[in-house]
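Read through the structure below, which is laid out as structure tokens, and then see the notes.
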Amino acid sequence: MTEVDARSAPAPDENSPGESRPEGDPPSVKRLVIVGASLAGMKAVEGARKSGYAGEIVLIGDEHHFPYDRPPLSKRFLDDERDVPYFREHTSYVEDLDATLLLGSPAIALRPAEKAVIVDGRAVHYDALVIATGASPRTMPQWAGMQGVVTLRRFADAVTIRGALDAQKNVTIIGAGFIGAEIASAARKSGCTVTIVEATETPLARAVGPEMGILLSKMHEKYGTALYCGVTVASVNGGESGDKVQSVELSDGRVIPTDLLLVSIGASPATEWLRDSGIELTPDGGIVCDASLQTSLPGVYAAGDVVHWPNAIMDTTMRLEHWTSANEQGALAGKNAAGVADRAVYETVPYFWSDWYGNRIQFVGVAGTITPHVVSGSVESDKFVALYQLGDRVVGALTVNEPSRIMKERRRISQRTSWQDALDVYAAADAARAGAVAADAIVAG
Ligand SMILES: Cc1cc2nc3c(=O)[nH]c(=O)nc-3n(C[C@H](O)[C@H](O)[C@H](O)COP(=O)(O)OP(=O)(O)OC[C@H]3O[C@@H](n4cnc5c(N)ncnc54)[C@H](O)[C@@H]3O)c2cc1C
């Protein structure tokens, strides 16, 4: 494991706040500060530089690592990868992006009146700010300190989990969401005995709708993972010492031997540090933004998992926890905050992917409670395309092992394609296939 502490980087001068913008003058940003040194934060640095911004950039992160990628932590890293999945060469932050990194430095407060972020007991002043502090996993505090009870968000969490998988242990996962499912898949591959405990009757209902949630979850049984729905973990047995997990008892009385208990019950926006800043937050802690990703505070933008914004293309406001939107929002917020180029607005057809038991699951758009139609392939074969209809429009698509189809569906949703036109694409493909089969039969005959 490579750990780098870049706090030795020259600290910005705390006594030189950037000049405030005079009313009516073009914006003048001398120092852009970005809090959160991961995907959205790094893309904000890149976005500002690409827009032609030549001023100072300070990137502040509470982790000691340079920005790294999270999706591999529940996938490749649990199989065979050993290194931190860094996005960039460390030197490129200075050499190519001319940025100052303050790592291992949590921001503890935002003081908008002073245009300052409080870090390590001192004020880092900004002319423009991007908040990209992502999300933190929800925990079960009653068992959080016990040995063998983990969540997965950071590299160190993935190292702990892989250690348990290497030892081929009994793994119990609370929550049948995508990250829980990916870890179940990796654990089965390592030869572990795996149990998933899901409180609801229909896993993944919010992400892909109830019907597809149930269908996708059948993969667990197929690959040897026990999935119990509609039950919860009632208690955790910590053995003689009481502090090392040995088994869990479910609400239906079942007892599951457990060496590793993964709590995978979702994440909340990491915005606690903003509570007294006056910035507008949603009840779940998301940061309220406009279409340009500006927050309720002028000159303060947000990007990534923290953002709650009006997504015009889907006709609704939303907060996503997806890699693609964090990537795109970071670049746009950095550019908009830097104030060199014209401000752009952000809209997107949401997209995420997940890998379970060697199967690629991809989703675009929104699912709601819509019952989707399988328009190609079959659920039984783990290879299909399902479309979601709202009114006369196609608004969502789920594919399993059909990677070439998903971006076409994303395009159709963004073009507000009618439901009938979307179906016609598949009807035409079926007709062409039937014609080809008939022609083959004639030739063969
Ligand atoms: C294990 C895992 C697997 C995933 N797999 C997929 C996938 O397959 N497909 C997909 O679409 N998405 C996936 N995601 C989601 C995706 O990785 C996130 O949407 C993305 O990382 C969000 O980027 P972000 O920069 O907004 O937040 P984050 O990546 O969470 O980064 C925020 C950074 O800010 C730091 N920070 C927090 N508070 C402070 C503070 N007060 N001061 C300073 N720094 C702070 C955090 O420590 C972190 O380094 C996965 C996520 C995880 C955890």
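Computed from a predicted structure; not experimentally measured. Order of listing sets the numbers, starting from 1, for every ligand and every atom in it.
The nearest protein atom to atom 52 (C) of ligand 1, hydrogens excluded, is given as I179 CD1, 3.5 Å; this is a heavy-atom distance.
Heavy atoms of Q329 come nearer than 4.0 angstrom to ligand 1 in no pair at all. The shortest separation from a heavy atom of E272 to ligand 1 is not under 4.0 Å, leaving the residue out of contact.
Residue contacts with ligand 1 for R70 involve both N, CA, C or O and side-chain atoms from C-beta outward (heavy atoms, distance under 4.0 Å). With a 4.0 Å cut-off on non-hydrogen atoms, V119 does not touch ligand 1 at all. Residue-level proximity to ligand 1 for A135 is carried by the backbone, the only part with a heavy atom below 4.0 angstrom. Neither the backbone nor the side chain of F178 has any atom closer than 4.0 Å to an atom of ligand 1 (non-hydrogen atoms only). Residue F352 touches ligand 1 through backbone and side chain together, judged by heavy-atom distances below 4.0 Å.
Between T324 and ligand 1, a contact under 3.5 Å exists for no N or O pair. Considering backbone and side-chain N/O of S38, one or more are found under 3.5 Å from N/O of ligand 1. The N/O atoms of Y351, backbone and side chain alike, include none that comes under 3.5 Å of an N/O atom in ligand 1.
Less than 4.0 angstrom separates some heavy atom of G304 from each of these atoms of ligand 1: 26 (O). Applying the 4.0 Å criterion to heavy atoms of A326 picks out, from ligand 1, the atoms 22 (C), 23 (O).
Listed by chain and number, the residues in a salt bridge (charged side-chain N to carboxylate O under 4.0 Å, His left out) with R411 amount to none (sequence neighbours excluded).
E347 places none of its side-chain heavy atoms less than 4.5 Å from the side chain of M314.
In this structure, of Q362, R360, E321, R153, the residue bringing a heavy atom nearest to atom 15 (C) of ligand 1 is E321.
Pairs passing the salt bridge (charged side-chain N to carboxylate O under 4.0 Å, His left out) check and including a residue from residues 34-46, sequence neighbours excluded, read K43-E46, E46-R88.
Remark: R319 engages D284 in a salt bridge, criterion side-chain N to carboxylate O under 4.0 Å. With salt bridges taken as basic N to acidic carboxylate O contacts below 4.0 Å, none links K75 and D69.
Of the possible polar contacts, one joining the R49 side chain to the Y53 backbone as a donor-acceptor pair under 3.5 Å is found.
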